[in-house]
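Here is the structure we will look at.
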There are 2 protein chains.
Amino acid sequence: MVTILQVSRQAGVSTATVSRVINNPEVVGIRTRERVQEVIERLGYRPNLVARDLASRSSRTIGVVINNFSSVYYGLMLEGVELALRKVGYKTIAESSQATSEGERQAWFSLLDRQCDGVVVHSDNLEDDELAVLLDRQPTSVLLNRYLKSHADRCVYLDNVQGGRLAAEYLISKGHRRIATITGPTKFYQTNDRLKGLHQGLAQAGITLDPDLVAEGDFHEAGGETATAHLLDTQKPFTALFCHNDEMAAGAMETCRRRGIRVPEEISILGFDDVNVASHLTPKLTTVRQPLREIGAAAGILAHSLATGEAANSGLQTVFEAEIVERATVMDAAP
Amino acid sequence: MVTILQVSRQAGVSTATVSRVINNPEVVGIRTRERVQEVIERLGYRPNLVARDLASRSSRTIGVVINNFSSVYYGLMLEGVELALRKVGYKTIAESSQATSEGERQAWFSLLDRQCDGVVVHSDNLEDDELAVLLDRQPTSVLLNRYLKSHADRCVYLDNVQGGRLAAEYLISKGHRRIATITGPTKFYQTNDRLKGLHQGLAQAGITLDPDLVAEGDFHEAGGETATAHLLDTQKPFTALFCHNDEMAAGAMETCRRRGIRVPEEISILGFDDVNVASHLTPKLTTVRQPLREIGAAAGILAHSLATGEAANSGLQTVFEAEIVERATVMDAAP
DNA sequence: CTGCCATATGTATTCGGTTACATCAAGGAA
DNA sequence: TTCCTTGATGTAACCGAATACATATGGCAG
C-alpha cells in the first residue's frame with residue numbers, strides 16, 4: 001500500500017502539502033500541485049480512508065439502519081438515501097437490524113462507532129422513550145418513516161393518517177360503505193395512524209368502522225391470507241378490503257382465489273406501499289403508494305445537513321403524502 | 001466521546017491494559033479486569049472502530065459490490081453475505097455500482113480504501129481481463145455469481161450451464177419439443193451459459209434450438225414483454241418459453257394475457273431465479289431456482305477465509321446447482 | 001535465602017493521515 | 001532601502017486505538 005509519506009518523498013514535499021493537494025488544491029502553488037498530482041497518479045496513490053477519518057474526525061458517511069436487505073420496501077428507501085448522498089459527495093453504509101430492538105440498537109451504535117457523521121434509522125421495535133433519549137444524544141441521527149412528536153424535526157415519514165384517509169375516501173368514492181381492513185401489528189405506529197385516517201375518512205361520510213371487520217396482520221403474505229380467512233369467516237358482509245401493505249393484499253387475493261371469491265367483482269382490494277408485487281398480481285393491485293425513494297432521499301439529506309451544520313435543511317420536505325395508484329382490484333360497489 | 005484514555009485514568013491503569021481487557025481479557029488479572037470492565041460500563045465507553053482499524057490494520061469487515069439495493073436479486077445475496085459473516089463476527093458493508101463498469105470499479109476501490117479485509121464483487125460490466133488483473137492485485141477479493149476460469153477458486157456462482165440444461169430437461173420431460181427462449185443481454189456470461197446448457201439439454205433429446213425462437217431481453221419486465229411479442233410475431237409455433245429470469249417471465253405473461261393467449265394451456269412459461277414475483281404471478285410461475293442466499297453466504301465466507309488466512313475454505317461449496325420449482329405455468333404439451 | 005520463571009502491567013511507538021502554527025521568500029508601499 | 005503583507009510550504013502535534021518490548025511482582029525450587 002502506498003502512503004502519503006511515499007508520495008511526499010517522491011515529490012520532494014512534505015506530507016502536509018500532499019494532503020493539501022488532495023483536499024485543498026487551490027492553496028498549493030500550481031507547480032508543486034502538478035508535480036504532486038503526477039506522483040499520485042504514477043504511484044497509484046489512494047488515501048486511506050480509515051486514517052483520514054480518524055484524523056479529521058469525520059467520515060463523510062451517513063449510516064442507515066434498516067430491517068433487512070431482501071425486501072424491496074427497505075431496498076427502495078436505502079437506494080433513495082444512497083443516491084441523494086452520492087450527489088453531495090457523501091457515502092452511505094447500511095446495516096440490518098433483523099427487525100429486533102436489540103438489532104436496531106446494535107446497528108445504530110455500530111454505525112456511530114464507525115464515526116458516521118449521521119445516521120438514518122428505521123426503527124419498528126424501539127420504544128418512543130428510548131428513541132427520544134437516543135436522538136437527544138445523537139444530534140445528527142434522524143428517524144426514517146416513523147414519527148416522534150418530541151423530535152418532529154428529526155423525522156422523515158409518510159403521513160400515514162393522510163394515507164388511511166385517502167384509502168377511505170377512495171373506496172367511498174367508488175361507492176363502498178361496508179369496508180374491512182387488515183392492519184399491520186398494532187404495536188407499529190403506522191398501523192394506528194392508518195387506522196386513524198381510515199376512521200376519519202369514513203366518518204366524513206358518516207360511516208363507522210365495524211370492529212369485527214378489522215383484522216390484525218403481520219405485514220407478510222401469510223398473515224394476509226389468514227386474516228382474510230378470518231374476516232370472511234365472521235360472515236359480516238363487506239365489499240372492500242383495505243390491506244395495510246401490498247404483501248398482505250397478495251395474501252388476501254390468494255385466499256379469495258382459493259375460496260372462489262372474485263376480485264374485484266365480489267370484493268375490491270386496496271393495498272398500501274406500491275412495491276413491485278402490486279403490479280405483478282392478477283388482477284393488478286390498486287394501492288396507496290408511498291414514495292419510498294423520495295422519503296429515503298429526504299432522510300439522507302436531513303442527516304447530512306445536520307451533520308455538516310448547513311442550514312440547507314430549511315425548506316426540506318420531511319412529511320410525504322400517499323397517493324392512489326389505480327389498477328384493477330377496486331371497482332364500483334354494486335348499488 | 002469517551003476514549004480509552006479516559007477509561008484508563010478512571011481505572012488507574014494504562015491504556016494498554018484497557019485494550020487488553022477488551023480484546024484479550026484472559027491475559028489480564030481478574031481484579032483489574034473487573035475494575036476496568038466496571039469503568040467501561042459506567043462511562044459507556046465504546047471503542048472507536050476507526051482508530052482500532054487503523055492501528056490494527058484490519059477492519060473485520062467484508063465489502064460487497066452489487067448493482068443496486070432495490071432489487072430482491074441483489075438483496076438476497078447481500079443478506080446471505082451479511083448473515084453468514086455475522087456468525088463469524090465480521091461486518092458487512094455494501095456499495096452499489098449502478099450497474100456500470102465505472103461504478104463497479106469505484107465501489108470496489110472505495111471498499112478497499114476503507115480497509116475492508118476482503119470484498120465480494122458482483123460484476124456484470126467489467127471485462128474478464130480487467131477482473132483478472134484486479135483479482136491478482138487483491139488476493140482477498142472474490143467474484144459473486146460470475147465465473148472467471150483464470151481465477152476459478154475465487155468465484156462463487158450458480159452453474160448456469162447446468163441451470164440451462166435443467167430447464168431443457170424439465171420442459172422435455174413435459175413433452176415440449178418446440179421451445180423458445182428469452183435471454184438476458186448477450187454480453188452477460190450468464191446468458192451464454194444458460195443458452196449453452198439449454199442447447200445441451202435439447203441435444204440430448206435430439207432437438208435443436210431454432211435461432212428464430214431465441215430473443216434477447218434485458219432482464220427486466222419490459223424487455224420480456226417486447227421479446228415475447230417479437231417471438232409471437234415470427235409466427236413460428238412453440239409450446240414452451242424459457243425466460244432467463246422471473247421478471248422477463250412476468251413480462252411474457254403480460255404479453256400473452258394481452259393477446260389472449262392462455263398460460264399454460266397454450267404456452268408454458270418457465271422462469272429463472274425464483275424471486276418473490278414468481279409466486280405472485282397468476283398463475284404462479286414455475287421457475288428454475290438459484291439459491292441466492294446460499295451463494296451470497298458462501299462468497300462471504302470465502303472472502304473471510306482468504307482474509308483471515310484460515311484454510312477453512314477447503315471444503316467450502318462454491319458452485320451451486322439450480323433446481324426446478326414447480327408451480328403452475330408449465331403443463332404437459334399436447335401430444 | 002537466592003535465583004529463576006511466569007504472570008501482570010506499563011512504556012512508547014506506530015498506523016496514515018489532518019491541521020494549527022511557524023517559517024520563509026517575494027513583492028509592494030513608503 | 002526597509003518594513004510589512006501575502007502566499008507557499010514545512011514542522012510537529014494529534015486523532016484513538018493496538019502492540020512489541022520492557023519492567024515489576026510473586027511463587028517456588030533448590
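Protein chains get the first letters and strands the later ones, always in sequence-line order, with residue 1 at the start of each. Only a predicted model underlies this, so the values are computations on that prediction, with no experimental measurement involved.
Rounded to an integer number of Å, the gap from CZ of A/Arg33 to P of D/dG7 is 14 Å. Distance CG (A/Leu5) to C1' (C/dG16): 9 Å, rounded to an integer number of Å. For the pair B/Asp53 CG and D/dG16 C1', the computed distance is 11 Å after rounding to whole Å. Here C/dG10 presents its C1' atom at 13 Å from CD1 of B/Ile4, a figure rounded to the nearest Å. The distance between atom CZ of A/Arg31 and atom C1' of D/dG7, rounded to the nearest whole Å, is 16 Å. One interatomic measurement links the two molecules: CZ of A/Arg57 to C1' of C/dT19, which rounds to 9 Å at whole-angstrom precision. The nearest whole Å value for the distance from the CG atom in A/Leu54 to the P atom in C/dT14 is 17 Å. The CD atom of B/Glu26 sits 13 Å away from the P atom of C/dT7 (whole-angstrom rounding).
In this structure, B/Thr140 contributes its side chain and B/Asp117 its backbone to a donor-acceptor pair below 3.5 Å. Not one N or O on the side chain of A/Arg52 forms a donor-acceptor pair closer than 3.5 Å with the backbone of A/Pro47. B/Ser71 places no side-chain N or O within donor-acceptor distance of the main-chain N or O of B/Tyr73, the cut-off being under 3.5 Å.
Closest to the side chain of A/Arg52, from the set D/dG16, C/dT18, C/dA12, is C/dT18. Proximity note for A/Ala55 (side chain, C-beta onward) versus D/dA18, C/dT19, C/dG16: the nearest is C/dG16. Comparing C/dT11, C/dG16, D/dA18 against the side chain of A/Thr3 picks out C/dG16 as the nearest. Listed candidates were D/dG10, D/dA17, D/dT19. Nearest to the side chain of B/Ser56 is D/dT19. Listed nucleotides: C/dT9, D/dG10, C/dG16. Nearest to the side chain of B/Thr32: C/dT9. For B/Ala16, counting side-chain heavy atoms from C-beta on, the closest listed nucleotide (D/dT19, D/dA8, C/dG16) is D/dT19. Taking only side-chain atoms of B/Asn48, from C-beta outward, the nucleotide of D/dA17, C/dG17, C/dG10 with the closest atom is D/dA17. Nearest to the side-chain atoms of A/Asn23 among the listed nucleotides C/dC15, C/dT18, D/dC21 stands C/dT18. Counting only heavy atoms from C-beta on, A/Arg20 has its side chain closest to C/dA20 among C/dG16, C/dT18, C/dA20.
At least one side-chain nitrogen or oxygen of B/Thr17 sits closer than 4.0 Å to the OP1 or OP2 atom of C/dG10. Proximity of A/Ser19 to the phosphate of C/dT18: a side-chain N or O atom is located under 4.0 Å from OP1 or OP2.
Both B/Val13 and A/Arg60 sit near DNA chain C, but only B/Val13 has its closest nucleotide nearer the 5' end. For B/Gly12 and B/Ala51, each mapped to the nucleotide of DNA chain C holding its nearest heavy atom, the one lying further toward the 5' end belongs to B/Gly12.
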Review point. Can you check side-chain hydrogen bond (donor to acceptor under 3.5 Å, both in side chains) on A/Gln98 and A/Ser96, steps first, answer last?
Key: CA-CA 6 Å; A/Gln98 309 305 308; A/Ser96 78; 2.6 Å; yes
Review point. Given the rule in the side-chain hydrogen bond (donor to acceptor under 3.5 Å, both in side chains) test, do A/Thr61 and B/Arg114 qualify, once you have shown the distances and angles that lead to the verdict?
Key: CA-CA 11 Å; A/Thr61 297; B/Arg114 279 181 192 274; 3.1 Å; yes
**Study point:** Test side-chain contact (heavy atoms from CB on, under 4.5 Å) applied to A/Glu104 and A/Asn67, step by step
**Key:** CA-CA 8 Å; A/Glu104 290 172 359; A/Asn67 275 14; 4.2 Å; yes
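B/Val50 comes within 4.0 angstrom of nothing in the nucleic acid, heavy atoms only. A/Val28 comes within 4.0 angstrom of sugar-phosphate atoms only, judged by non-hydrogen atoms across all strands, and of no base.
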